[in-house]
Amino acid sequence: MSSTAWLRPRTAAEVTMALGLPGARILAGGTDLVPNRTWELDTGTTWVGIGAVPGTREVRCDAAGRWEVGAAVTLAEVLAHPQLGRHYPLWMEAMRAVATPEIRTQATVGGNLCVDTRCRFRNQPPIWRSGLIPCFKSGGDRCYAAPASRLCVAMLVSDSAPVLMAMGAEAAVAGPFARWIALADLYSGDGDRHLTLNPGEWVRAIRLPAKPPLGAFRKWRPRATMDFPEVDVAVSVDCDEEPRVVRIVVSAVGPVPVRATSAETLLESGPWTSERLAEAADRARAAVHPYDNGQLRVWGRQRAVHGLVLDALRQVASAVVEKGAQA
Amino acid sequence: MAGRRIAGGPGVGGTTGQKFARKDVAAKVAGLVSYSGDTQGAGMLHARLVRSLYPHARITEIAIAAAQALPGVAAVLTARDVPCNVLAEDPSGTGGGVFTQPVLASTEVRYVGEPLAVVVAASPVLADAAAQLVKVTYEPLPAVFDPGLALADDAPPIHPGGNLCVQWHVNKGNVEEVLAQAPVVIQREYATQFVDHAYLEPEAGSAWLEADGVIVIRAATQVIEHYRRLAGMLNLPHSRVRLIAPYVGGGFGGKEDMTVEPYLALAAFHTRRPVRMVWSRQESLQARPKRHPMRFQYTVAASRDGKLEAVDINILADAGAYALLTPRVLFAAAVVASGPYRVLAARVVARAGYTHNVPSSAFRGFGAMQAAVAYEQIMDELAETLGMDPLELRRKNFLQRGDELATGERVETAVWLPETLNAVQAALGPEPQPSRPGLLVGRGYAMNMQPYGRTVWFGDQAAVWMGLENDGSFHLRAGVTDVGGGQAAVLGQIAAEVLGVLPEAVTVHFGDSALTPLTGGTFATRQLYMSGNAAVRAAESLRERIQRVAATLCGGDAKTVVIESQGVRTARGSARWHEVAAAARQAGVALEVLETFFAESGPGYDNRRGTAARTFPDFTYGCHGCDVEIDPETGQVQILQYVASHDVGRAINPLSVEGQIQGGVAQGIGYALTEEVLFHEGQCLNGTLAQYLIPAAADLPPIRALILESGEGKGPLNARGIGEPAISPVAPAVANAVARALGGARVRSLPITGEKVVDTLFER
């Protein structure tokens, strides 16, 4: 195992410069990167911490009422924040679903969004992988989970990504061309290089809408705690718009969270009868095609999408009714 | 409690039956215990194993030059460096066969992870690097991974004697005849899986060479008596090898066979320097022996009113690549295969086939647990067929004192099956209700009988030494290994009880093959039974000597001497401890004793006829019950509440008994619902704890332990063993609850995953 340098630049520009060094990686909470190094899954030689850069550890509300949370703020800090919980209960639900309390004290908002993708054929001890011809993500030319695929299909396992997408959150990209992007635009669809960031770019903060939509989140995993998701579902509805804005996001089924657009269209107008909710759940299930690279089998995960979406939609529907809106 | 008197002998007064936290518990919680891997020293070397990458291959070359040349590498050891490269054992103890296994494979490997070489280097990182430089040339050979296929005629032979590792028979009555005439006959199949012990403490230890040439190994083991096998391996006299076991961070049978010990001994022997070895979790999951996967075929005949008439049982287990303790595990499964029920006729054939999977061996429950998965599910299925309440069916057939088991032996002690069942039924309360519409709920029960102590033909024995200090404190020396169940502390408590002193007055020195009398290992739920009885004898013998000296010193009758914290007292006077010690020296009475307890012994097993006068010394009985809730969309099973009751004869420290029961249930729930070491052609697919799913605290329901005391165990103070019995009924109790929730549809293979539940629902 080679040695790794750990840099802690003090400005955003220095972070960008440091990321130009060979084998440079952002080290956030390290809850994923460090084990990956142990498993020889990550061979980065320079770790760049961002916590010393002004703003990355801040939580603040702008004049428009939008909350901005620095990428190096920990999940535990988010959960303990006096205001965030009240404004963004859906996000809190996803935060609480991440790993364990111990990990949440270390893991960060930015780290959870950018966390490396996982696959049963790659996230294995070195001796295990040594028996396989390398896959895309291991520098090879094939995919064991999806043999016909020309891209790596490792799963995005971020619990906050689907929720923040459903909420319409944005991410601040730092680098030579600093900008805000919609969260969905952060992910490339290639499990090997799963982020759309260019060399030198990094996520500095996220921004949440001033008026978040109503929503629900479901995480399916083998145990009640600790595990990565086998399927994540986030659903939101904004009834103040006409037609309604509905977002149904299914995640942990591929390298990028999937919007179930056909299901969304169905629910944008018309009443949310139980038949139509079930129809939407059916459409959501048809929209996703998990690969055989999780802990549980493909068809079980796909079938679970139906139940999870339906369950989440019912919760949102009753929340809408409670709020006195029409749905 | 200070100065509590005894006089009346064991079991009178004292701390027996009182809940208290053992001394070692607080130290463990505070992180003060030095475990086997915690030894670090100047100049210590680090050892790493080179393991096979193939399930079956011929080894044409093991090239070690590159590894040897790496600076900092002290040794690269292969089979040719092992003085005697054969570990041999007769695990059944009946002379049924001696099984051998190489310490380091040299010409052929039989499972993925089989050790090939030991690399010893100045640091763990260097040892890793050197291990990667060892180039092994394999010639892959055909492999077989299913015991059924392995026993077919055209299967590749795994060992020269064929692929049948063991075959046990149990016979009672004429099964054919009863089956032919029985009004109700049902036939079912059940299957269990590979699971791992997943103890917190990995396989770890260190070894060094003393100036007098004694090789000392300090390692996480359940059995310090392995020192003899280590000496045999090194061609040394037994007296030149010493094995020390500090507190073990969980054993569960996984540290009953040797793990790091032979490699550490070998490394210290060759390098003459201290060496440390710790296995990684993936080494452990890939290459350590697992619980035997078993397949059961049960045919059960009953009368229309629910009297069991005959059982015809076939058991097939996967022994893996080497025998290890397979013959013993299968024997336990065969003996209890008909469950704690009266049967007129029984026929059990229990076989284990070799495969190119990782070897299977001891795991808490030891075969008897797998059998419970089958016999308790088929009781529910039979009840359904008969249209009877499953508990009523059980009550009709419960074993009773004086009954004959399928093996032909008689049950001599209390069988509190109705009592434990009643306790569990009452504690569970009203039937469960779904927490929201659409969810399914069900309640299930399982009974069990689990042997404690070794089969009687082993002629088991355990020795305990006790001595008195001038200040009135006591030493107790016993070679027990303490795997976390309080195996050491309880001996001090028992001795204190007999002597009439506080448990704190007795210090227990344990787990050293050279300095503590040998008790036999901590397995087979035998330690309380064996060493506990030896401790009673040692304490009685020492008490008798103290009383004799005190009576001379103070006057009065020896029997009336009272032992107190400061000294002794009779009706005529008192003396302080240093005076007692001086008087003993004067009188030539040694205030130190060594006592040995010999277990009930008996002739071997007649495997041809399938009967025995006695198999195990005794059994522990119990009943578990639980409520489950199932989401039919995902199939996920949540256990709402869990109640477990066992007759432990006498609860010496009820807090420890509760701990054993709760731990057993937690481990059993993993077995029932989530745990399975998945192998694909011998290669472990879930080699990390992120993938091998042990239940976490959030997955566990409230677990209530109901301790019943019949006062009829064969252990000290009439206690029965509880280490293994507590895990056995869990999986069938959960399976029966799930089947209830699913309206009779049943998942007949473990673990009961959400996927299998939904499959089963769809099949209906």
Side-chain angles (χ1 to χ4, degrees), chain A residues 1-3 32 35-36 38-41 96-97 99-101 103 118-121 123-132 144 157 218-228 230-231 233 278 281 285 293-311 314-315, chain B residues 50-55 112-113 124-126 128-129 131-132 280-283 285-287 436-438 631-636 638-639 669-670 673-675 678 680-701 751 753-759 762:
Chain A
M1 200 182 284
S2 57
S3 62
D32 196 54
N36 281 354
T38 307
W39 297 119
E40 297 170 25
L41 291 166
R96 272 193 297 274
T100 64
I103 289 173
R118 295 179 65 85
C119 174
R120 202 178 66 219
F121 294 92
N123 292 76
Q124 294 282 3
I127 190 171
W128 195 96
R129 298 197 309 276
S130 70
L132 289 180
Y144 292 99
V157 289
R218 292 288 181 273
K219 175 173 180 171
W220 190 45
R221 52 182 161 184
R223 290 175 291 192
T225 178
M226 199 145 57
D227 294 330
F228 289 105
E230 292 295 315
V231 174
V233 165
R285 172 165 63 182
N293 56 356
Q295 189 82 23
L296 305 173
R297 278 178 293 164
V298 169
W299 59 270
R301 288 163 66 205
Q302 186 167 29
R303 195 188 48 229
V305 170
H306 173 88
L308 296 166
V309 169
L310 185 60
D311 206 28
R314 283 183 184 143
Q315 183 191 330
Chain B
V50 177
R51 295 174 178 277
S52 165
L53 295 175
Y54 289 86
V112 176
V125 172
L126 265 176
D128 271 344
Q132 284 177 19
S280 67
R281 185 62 69 175
Q282 63 272 25
E283 275 184 288
L285 280 163
Q286 167 75 61
R436 61 183 166 83
D631 181 343
E633 288 281 355
T634 62
Q636 233 156 351
Q638 201 199 338
I639 301 177
I669 286 174
L673 295 178
T674 55
E675 292 184 35
L678 297 163
H680 176 68
E681 300 195 339
Q683 180 73 54
C684 177
L685 296 179
N686 45 0
T688 70
L689 288 183
Q691 297 158 319
Y692 182 75
L693 304 173
I694 302 164
D699 297 297
L700 294 174
T753 60
E755 287 164 331
K756 290 186 194 169
V757 168
V758 175
D759 278 357
F762 276 164

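We name chains A, B, ... by the order of the sequence lines, and we start the count at 1 in each one.
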- Under 4.5 Å to a heavy atom of chain A? For B:Y692 that would be backbone

- Task: Kindly give the heavy-atom pair with the smallest separation between B:A698 and A:A224, and that separation in Å.
- Result: O-CB, 3.7 Å

- Task: Below 4.5 Å from any heavy atom of chain A, which atoms of B:T634 appear? Answer side chain, backbone, both or neither.
- Result: both

- Of all of B:G754, B:C684, B:G687, which one pairs up most often with chain A through heavy atoms under 4.5 Å apart? B:C684

- Query: Does B:Q691 use its side chain to pair, donor to acceptor, with the backbone of A:R120 at less than 3.5 Å?
  - Reply: no

- Toward chain A, the part of B:L689 with a non-hydrogen atom under 4.5 Å: backbone

- Give the minimum heavy-atom separation between B:A696 and A:M226, together with the two atoms involved. CB-CE, 4.0 Å

- A:T100 portion near chain B, given a 4.5 angstrom heavy-atom threshold: neither

- Task: Could you grab the distance from atom CG of A:D227 to atom OG1 of B:T674, nearest 0.5 Å is fine?
- Result: 9.0 Å

- Item | Gap between atom CD of B:E633 and atom CG of A:D311 - 0.5 Å precision | 8.0 Å

- Message: Quick check for you: to the nearest 0.5 Å, what is the distance between B:D631 atom CG and A:L308 atom CG?
- Response: 8.0 Å

- Message: Ignoring hydrogens and geometry beyond distance, is a side-chain donor-acceptor pair present between B:Q636 and A:W220 at under 3.5 Å?
- Response: yes

- Would you say the side-chain atoms of B:Q683 pair up with the backbone N or O of A:W128, donor to acceptor, closer than 3.5 Å? no

- Query: From B:L700 CG over to A:R223 CZ, what is the distance, rounded to the nearest 0.5 angstrom?
  - Reply: 11.0 Å

- Query: How far apart are the closest heavy atoms of A:R303 and B:V758, and which atoms are they?
  - Reply: CZ-CG1, 3.0 Å

- Query: Between B:I694 and chain A, which part of the residue has a heavy atom less than 4.5 Å away: side chain, backbone, both or neither?
  - Reply: both

- Query: So, the side chain of A:Q124 versus the backbone of B:L685: is there a donor-acceptor pair under 3.5 Å, distance only?
  - Reply: yes

- Task: Please flag which part of B:L53 lies under 4.5 Å from any non-hydrogen atom of chain A: side chain, backbone, both or neither.
- Result: side chain

